[in-house]
Amino acid sequence: MIPIPKLFRNTKTVRRIREYMDTTFSEVLHTTLNPNGPGVIRVHLIPPKKEENALNPSIVIVNGTDIVPVNFAWAVMLAEMIRETNRYDGREIGEEDIRHILEETAGSVKRIIPVLSKKRIEEDIKTIYTTLRQIAYREEVTADVHYMSIGDYAEYMNAPHRMDLMVSAMTKGGKWHCNQKCVHCYAADQTLSGEEELSTEDWKKILDRCRAAGIPQVTFTGGEPTMREDLVELIRYARWFVSRLNTNGIRLTKEYCRALREAELDSVQITFYSSDQAVHERLVGAPRYAETVAAIDNALAEGLSVSINTPLCTLNRNYLDTLAFLHEKGVLYVTCSGLITTGNAAGEASERLQLDNGELERILREAVAYCHENGMEIAFTSPGWIDSSVFEELNIPSPSCGACLSNMAVTPGGNVVPCQSWLSDEPLGNMLKDDWQSIWESGPCAARRGQSAEMTGECPLRRYC
């Protein structure tokens, strides 16, 4: 909690601030800079919880990833910058437009907070814009920015920062509804993953409710989300959000990738087990290697932001060969993980292939060295598999469980669960039927969020073999 600064304790100024907060900070504010340029700066300004005689921190989420707390003055500047930027909706913003936006923003802020000098406002606005650009483009940040962990911010949150939308079910009409049958599928054979799929209009209503709740990022997942013929339509409808697609890639033809780009999809993650065709096809349970490789090529050729995810096991422990294969294709972003031992992955066939912690660490160390040498970014996404000190040593993010904190999920039938792998327990509520705050503040959701905020535990779904 941040007390109201002495600078703002004049009665008229406080009244003006309160009025501004009530009107401007009633929802998440969003804008995208250079949507057709070489890189995107997608900004979500998350308003603070309102408390008497206090200004809780707002936060800025840049490209759905980086969390930066901002004080009230900077929040006002960002809000006005977003307002001005959104006047250019639908067209590319050039440098001359940027200068005009910053000038108009300075004038607006001066009217809202007259006690700040125009020079100070102009300098701060330029610093804000430069900082956002540096964060988004992974450049060195020159301002004194204090990043905040999501655990530290948990008490101020009204919703997670990402909602995973499981738009496609594993079964449909009683039949298998995926173009693969992965050995390690966490969604298979779980009650909630077998629900009947919602209609296009129902998913649009859920997207509306996610936006109203202040959730800035959505991921379209499944099952296999490309099995839905309306997926591109749903992605286009979700253009307010930072949008991601998790897919096996089989249906990503050149035409499909072009449609995804035109629908303003922000990034696509393709699951690829191995550059060894026999290993990949054994793990996905289908002869679809060539189509998956073609999907990677097609997505890159269309200029989509592509990341490749590889769940590691005893069959694909030669991960360096796969990284070299991907590097040659021009892939820059990769993630790897242990196995989520739930669903099909809790079965004996999957558990026999699970790597122990020591071997996972060895593979990760080799992979990080390769990626650093070859200009690739890598992340390990399974919390608790490897000691946190290793991530600090390797200078990569340490994974933690974000269930009911950074992320939640909506099942094919509209039920809300702690994360997209958590499909065996009772749901926390239903996105179409229940008020969002009743879901977010429910006992089970709050308890899980508290555990996630501690940032110390491993994945609660993990089982050891």
Side-chain angles (χ1 to χ4, degrees), residues 178-188 221-224 226 245-252 268-300 304 306-341 343-382 385-386 396 399 421 465:
C178 184
N179 43 21
Q180 295 186 151
K181 199 160 188 179
C182 298
V183 173
H184 304 312
C185 181
Y186 61 79
T221 183
E224 173 47 45
T226 60
L245 170 63
N246 288 355
T247 175
N248 59 33
I250 289 172
R251 303 190 75 179
L252 298 191
V268 56
Q269 181 185 87
I270 300 172
T271 301
F272 184 62
Y273 280 94
S274 177
S275 56
D276 184 315
Q277 180 173 349
V279 171
H280 178 82
E281 292 186 346
R282 176 179 172 184
L283 290 171
V284 302
R288 313 307 289 262
Y289 176 84
E291 291 155 292
T292 304
V293 171
I296 297 171
D297 293 333
N298 294 336
L300 290 169
L304 293 173
V306 179
S307 67
I308 303 299
N309 181 55
T310 303
L312 297 171
C313 67
T314 59
L315 295 183
N316 62 354
R317 53 164 58 98
N318 58 338
Y319 186 41
L320 285 185
D321 291 347
T322 298
L323 288 176
F325 177 84
L326 296 172
H327 174 61
E328 186 175 344
K329 289 186 170 297
V331 172
L332 296 178
Y333 307 106
V334 294
T335 60
C336 58
S337 65
L339 302 181
I340 303 173
T341 46
N344 261 12
E348 183 179 347
S350 178
E351 288 196 350
R352 282 201 309 268
L353 303 178
Q354 189 176 163
L355 293 164
D356 63 36
N357 294 23
E359 187 161 15
L360 269 175
E361 180 182 332
R362 179 189 62 77
I363 294 171
L364 181 63
R365 285 181 178 276
E366 292 177 347
V368 170
Y370 179 89
C371 289
H372 286 177
E373 290 170 4
N374 291 279
M376 300 171 74
E377 285 191 27
I378 186 170
F380 185 81
T381 59
S382 297
W385 268 250
I386 297 172
I396 62 173
S421 305
C465 54

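This chain uses plain numbering: 1 for the first residue, then up along the sequence. Quick caveat, the model's predicted, so the values are computed rather than measured.
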Fill in: Contact list for residues 330-339, test salt bridge (charged side-chain N to carboxylate O under 4.0 Å, His left out), sequence neighbours left out
none
Discussion item. Looking at every non-hydrogen atom in both residues, tell me the closest pair between T322 and S274 and how far apart they are.
Written reply: OG1-CA, 3.5 Å
Practice prompt. Kindly compute the distance separating CG (L252) from CD1 (I270), expressed to the nearest 0.5 Å.
Written response: 5.5 Å
Item to complete: Answer yes or no: is there a side-chain heavy-atom contact under 4.5 Å between L283 and C313?
Response: yes
Worksheet item: For E281, which residues count as a salt bridge (charged side-chain N to carboxylate O under 4.0 Å, His left out) partner, sequence neighbours excluded?
Response: none
Item to complete: Mind checking side chain to side chain contact (heavy atoms under 4.5 Å, CB included) for E359 and listing every partner two or more places apart, or none if nothing turns up?
Response: R317, L355, D356, R362, I363
Item to complete: Using a 4.5 Å cut-off on heavy atoms from C-beta on, say whether the side chain of T310 contacts that of L323.
Response: no
Fill in: Counterpart residues, side chain to side chain contact (heavy atoms under 4.5 Å, CB included), relative to N179 (two or more places apart)
E224, M227, N248, I250, R251, R288
Worksheet item: Is a side-chain donor or acceptor of N316 paired with a backbone partner of P311 at a separation under 3.5 angstrom?
Response: yes
Worksheet, complete the sentence: Sequence neighbours excluded, the answer for side chain to side chain contact (heavy atoms under 4.5 Å, CB included) partners of N298 is K254, C257, A294
Enumerate donor-acceptor pairs with a distance under 3.5 Å from any side-chain N or O in residues 327-337 to protein atoms, sequence neighbours excluded.
{"unit_1": "K329", "atom_1": "NZ", "unit_2": "D297", "atom_2": "OD1", "d": "2.9"}
{"unit_1": "K329", "atom_1": "NZ", "unit_2": "D297", "atom_2": "OD2", "d": "3.2"}
{"unit_1": "T335", "atom_1": "OG1", "unit_2": "N309", "atom_2": "OD1", "d": "2.7"}

Fill in: Donor-acceptor under 3.5 Å (N357 side chain, I386 main chain)
no
Worksheet item: Rounded to the nearest 0.5 Å, how far apart are CG of L364 and CZ of F380?
Response: 6.5 Å
Worksheet, complete the sentence: Value for CD (Q180) from OG1 (T292), rounded to nearest 0.5 Å, stands at 5.5 Å
Worksheet item: Hey, mind stepping through L312 and L360 against side chain to side chain contact (heavy atoms under 4.5 Å, CB included) and telling me if it holds?
Response: CA-CA 8 Å; L312 297 171; L360 269 175; 4.0 Å; yes
Discussion item. As an exercise, state the distance from CG of L315 to OH of Y273, rounded to the nearest 0.5 Å.
Written reply: 10.5 Å
Discussion item. Closer than 3.5 angstrom, by distance alone: can the side chain of T247 be matched with the main-chain N or O of G249 as a donor-acceptor pair?
Written reply: yes
Worksheet entry | salt bridge (charged side-chain N to carboxylate O under 4.0 Å, His left out) partners for R282, two or more places apart | none
Discussion item. If the condition is ring-ring contact (aromatic ring centres under 6.0 Å, His included), which residues does F325 pass it with, not counting sequence neighbours?
Written reply: F272
